[in-house]
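Start at 1 with the first residue, then count along the sequence.
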Amino acid sequence: MADEIITSEAVSSSSELNSSSRIICRVCQKQFSQYTCPRCNTRYCSLPCYKSHSLRCTESFMRENVMEELQHLQPDDGSKQKMLDILKRFHSEDEADIMDEDDSPLSEETIQKVLSGNQISFEDLSAEEKKHFQRAVASGELSKLIKPWEPWWSKPSATYISLGQDGTQLVQPLVKEDTAVSSEDGIESDPLHDIPLGPDSPLPSVSKLSAAGPSPLLAVHLVDIMYSYCFTLRLYNGDWQSDPIGSATVLLSVSSILGQGGQPETVLEALSHCMEQTCSPAFRHMGGLQFALGLINDTITLLHLDTPALVCMLCDLRRLIQYAEKDLKSEKSRKSKSSEIKTKLKSAERKVYFIMCWAHEQPQEAWSSIAAIVEAEKSRLVEFIGSKTSVPKMKKVQNEGKPLIKEVE
């Protein structure tokens, strides 16, 4: 019966009673066939048999139907916009699902304060929220939320700084850079505002500031100050204005010249002291030796810039100290501690101003020579440290009157 061929496919009302005139399904071989495949004329009894009779045949059939249907569809602007709205809605729902899956450590009350624009201090947090915050700080999770700061001295615009002959600020020439100002970045993305401003008033000659000639060790002292400046800005992610007193305190603790009245006589001695402070327990979290070596690279980069860049750097440092002094006057703190810091800041401000006036008078060749010495001393430090985990402590030696360049020979 399975091999019987019927020439007519018409099904009469009486066919149900005459099963001998029907054809068995060519797929399952169990039921009577009721349909014929439009592509290969295979007889089948049901949808499962149609899907399984030939995968290539069904996929080709469906593809041709879909393509034919798409060819008749001409999407207009309305349908396009409707599809975009659907996609946006799906994207918003996905983001909402992700936010729902993350358990927020903040209470509903704290979240409402943040959303309303109120400032939240550490003391406003609950005991559980404080624990979450402290764990996030210790793990470095919060640092991922801060946009990495690019030092101004490493930007191309730093090579185009111009100052007047008297050291005062001039309008800088336009630089061909991709500096499109967005609504989010604002003025910060403008290269003209990347560089610290120079002096507002003319810089006097060093001879007018002191009857005695400038010390031959000023170049060594400048290295100490530059290192400490770079350390402070990197610690505060370039924003010392957010905490002038804290920034000044860090500056005084790192710099032997400004904070401790030190008088290093060699570049190696100056760098060793700064590196010891960088690797101390108070600042070890910044990266230890690798961070210290990076700060030496920052110092070398600054020295390779023109004299106006160094003047702007010293002017920015002086401005930092002046802001700290101003905040200390308005801050109610312990008199003994406040008086000690004020004395140090006043002395540091005078030293920075004197070195700024001295640097303004130096030729560019002087900075190239100092940069070469710093690079040589860095190589010596790297070679000495090797596998050691601490910075060598330097013993102060008496100056024998030899030229500074003899130190690296």
| So R318 and E349, salt bridge (Lys or Arg N to Asp or Glu O under 4.0 Å) or not? Walk me through it. | CA-CA 6 Å; R318 185 186 181 213; E349 194 270 336; 2.5 Å; yes
| Residue pair C315, R319: steps toward the side chain to side chain contact (heavy atoms under 4.5 Å, CB included) verdict | CA-CA 6 Å; C315 187; R319 194 176 297 117; 3.2 Å; yes
| said: Set out, in order, the CA-CA distance, both residues' side-chain angles and the distance that settles side chain to side chain contact (heavy atoms under 4.5 Å, CB included) for L197 and C312, then state yes or no. | reply: CA-CA 6 Å; L197 296 177; C312 288; over 6 Å; no
| task | Evaluate the side chain to side chain contact (heavy atoms under 4.5 Å, CB included) criterion for residues S157 and I195: first the C-alpha distance (whole Å), next the side-chain angles of each, then the deciding distance (0.1 Å), finally the verdict. | result | CA-CA 8 Å; S157 53; I195 310 301; 3.9 Å; yes
| task | Could you give me the CA-CA distance, side-chain angles and deciding distance for L233 and W149, then say whether side chain to side chain contact (heavy atoms under 4.5 Å, CB included) is met? | result | CA-CA 9 Å; L233 261 65; W149 175 67; 3.7 Å; yes
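Annotation: Q290, atom CD; neighbour count of heavy atoms from other residues, nucleotides and ligands within 6.0 Å does not exceed 12. Remark: D239 CG is packed, more than 12 non-hydrogen atoms of other residues, nucleotides or ligands lying under 6.0 Å away. Open room surrounds CD on Q31; 12 or fewer heavy atoms of other groups in view lie less than 6.0 Å from it.
At a threshold of 4.5 Å between non-hydrogen side-chain atoms, the residues L320 and P244 do not count as touching. Side-chain atoms of L293 and M275, non-hydrogen and from C-beta on, do get closer than 4.5 Å to each other. By the 4.5 Å heavy-atom criterion applied to side chains, V220 and I370 are not counted as neighbours. Residues H221 and Q263 form a side-chain contact, since some pair of their non-hydrogen atoms from C-beta on lies under 4.5 Å apart. Looking at W367 and L305, their side chains never come closer than 4.5 Å, going by heavy atoms from C-beta outward. In this structure, D298 and R234 have side chains that are in contact, with non-hydrogen atoms separated by less than 4.5 Å. Within the 4.5 Å cutoff, the side chain of L381 has heavy atoms near those of the L268 side chain. You'll find the side chain of T168 stays beyond 4.5 Å of the side chain of L163, heavy atoms only.
Between R380 and E383 there is no salt bridge, since no side-chain N of the basic residue sits under 4.0 Å from a carboxylate O of the acidic one.
Between L314 and the choices M356, H360, M226, the side-chain contact (heavy atoms from CB on, under 4.5 Å) rule is met once, by M356.
At distances below 3.5 Å, at least one donor-acceptor pair connects side-chain atoms of S379 with backbone N or O atoms of E375. Side chain of T301 to backbone of N297: a donor-acceptor contact under 3.5 angstrom is found. Between the T299 side chain and the L295 main chain, a donor and an acceptor come within less than 3.5 Å of each other. Between the side chain of K351 and the main chain of I257, a donor-acceptor pair closer than 3.5 Å is present. Looking only at distances, a side-chain donor or acceptor of T249 sits under 3.5 Å from a matching main-chain atom of I245. Side-chain atoms of S33 never come within 3.5 Å of backbone atoms of Y35 as a donor-acceptor pair (strictly under, hydrogens ignored). Here the side chain of S272 pairs no donor or acceptor atom with the backbone of E269 at under 3.5 angstrom. The backbone N or O of G246 sits less than 3.5 Å from a side-chain atom of D243, completing a donor-acceptor pair. Without hydrogens or angle criteria, S154 side chain to P151 main chain gives a donor-acceptor distance under 3.5 Å.
Looking at every heavy atom in both residues, A158 comes nearest to A309 through O-CB, 4.3 Å. For the residue pair T307 and Q364, the shortest heavy atom distance occurs at N-OE1, 3.4 Å. Here the closest heavy-atom approach between residue S242 and residue Y236 is recorded as OG-CD2, 4.2 Å. The nearest pair of heavy atoms linking Q277 to V254 is CG-O, 3.9 Å. Between T159 and D306, the shortest heavy-atom contact is O-OD2, 4.4 Å. Of all heavy-atom pairs spanning S228 and C274, the tightest one is OG-SG, 4.2 Å.
Residues forming a side-chain contact (heavy atoms from CB on, under 4.5 Å) with S201 (at least two apart in sequence, or on another chain): none. Among residues two or more places apart in sequence or in another chain, the ring-ring contact (aromatic ring centres under 6.0 Å, His included) test is passed with W152 by none.
Atom CD of Q29 is separated from atom SG of C45 by 10.0 Å, given to the nearest 0.5 angstrom. If you take OG on S255 and CD on Q260, they are separated by 8.0 Å, rounding to the nearest 0.5 Å. Atoms CH2 and OG, from W358 and S207 in turn, are 15.0 Å apart once rounded to the nearest 0.5 Å. Going from atom SG of C230 over to atom CG of L317 covers 10.0 Å, rounded to the nearest 0.5 Å. One distance of note links CG of L252 with CG of L258; it measures 7.0 Å at 0.5 Å rounding. Note that CG of L222 and CG of L310 are 6.5 Å apart. Values are rounded to the nearest 0.5 Å.
Here the two rings, on Y323 and W240, have centers that are under 6.0 Å apart. Residues F291 and F283 place their aromatic rings such that the two centres sit no closer than 6.0 Å.
F231 and Y227 have parallel rings, their planes meeting at less than 30° on a 0 to 90° scale where 60° marks the start of perpendicular.
Between the side chains of D316 and Y229, at least one donor N or O sits under 3.5 Å from an acceptor N or O. E361 and S205 share a side-chain donor-acceptor pair at under 3.5 Å. Between the side chains of S256 and D224, no donor-acceptor pair is found at a separation under 3.5 Å. Under the 3.5 Å distance criterion, with hydrogens and angles disregarded, a donor-acceptor pair is assigned to the side chains of T36 and R43.
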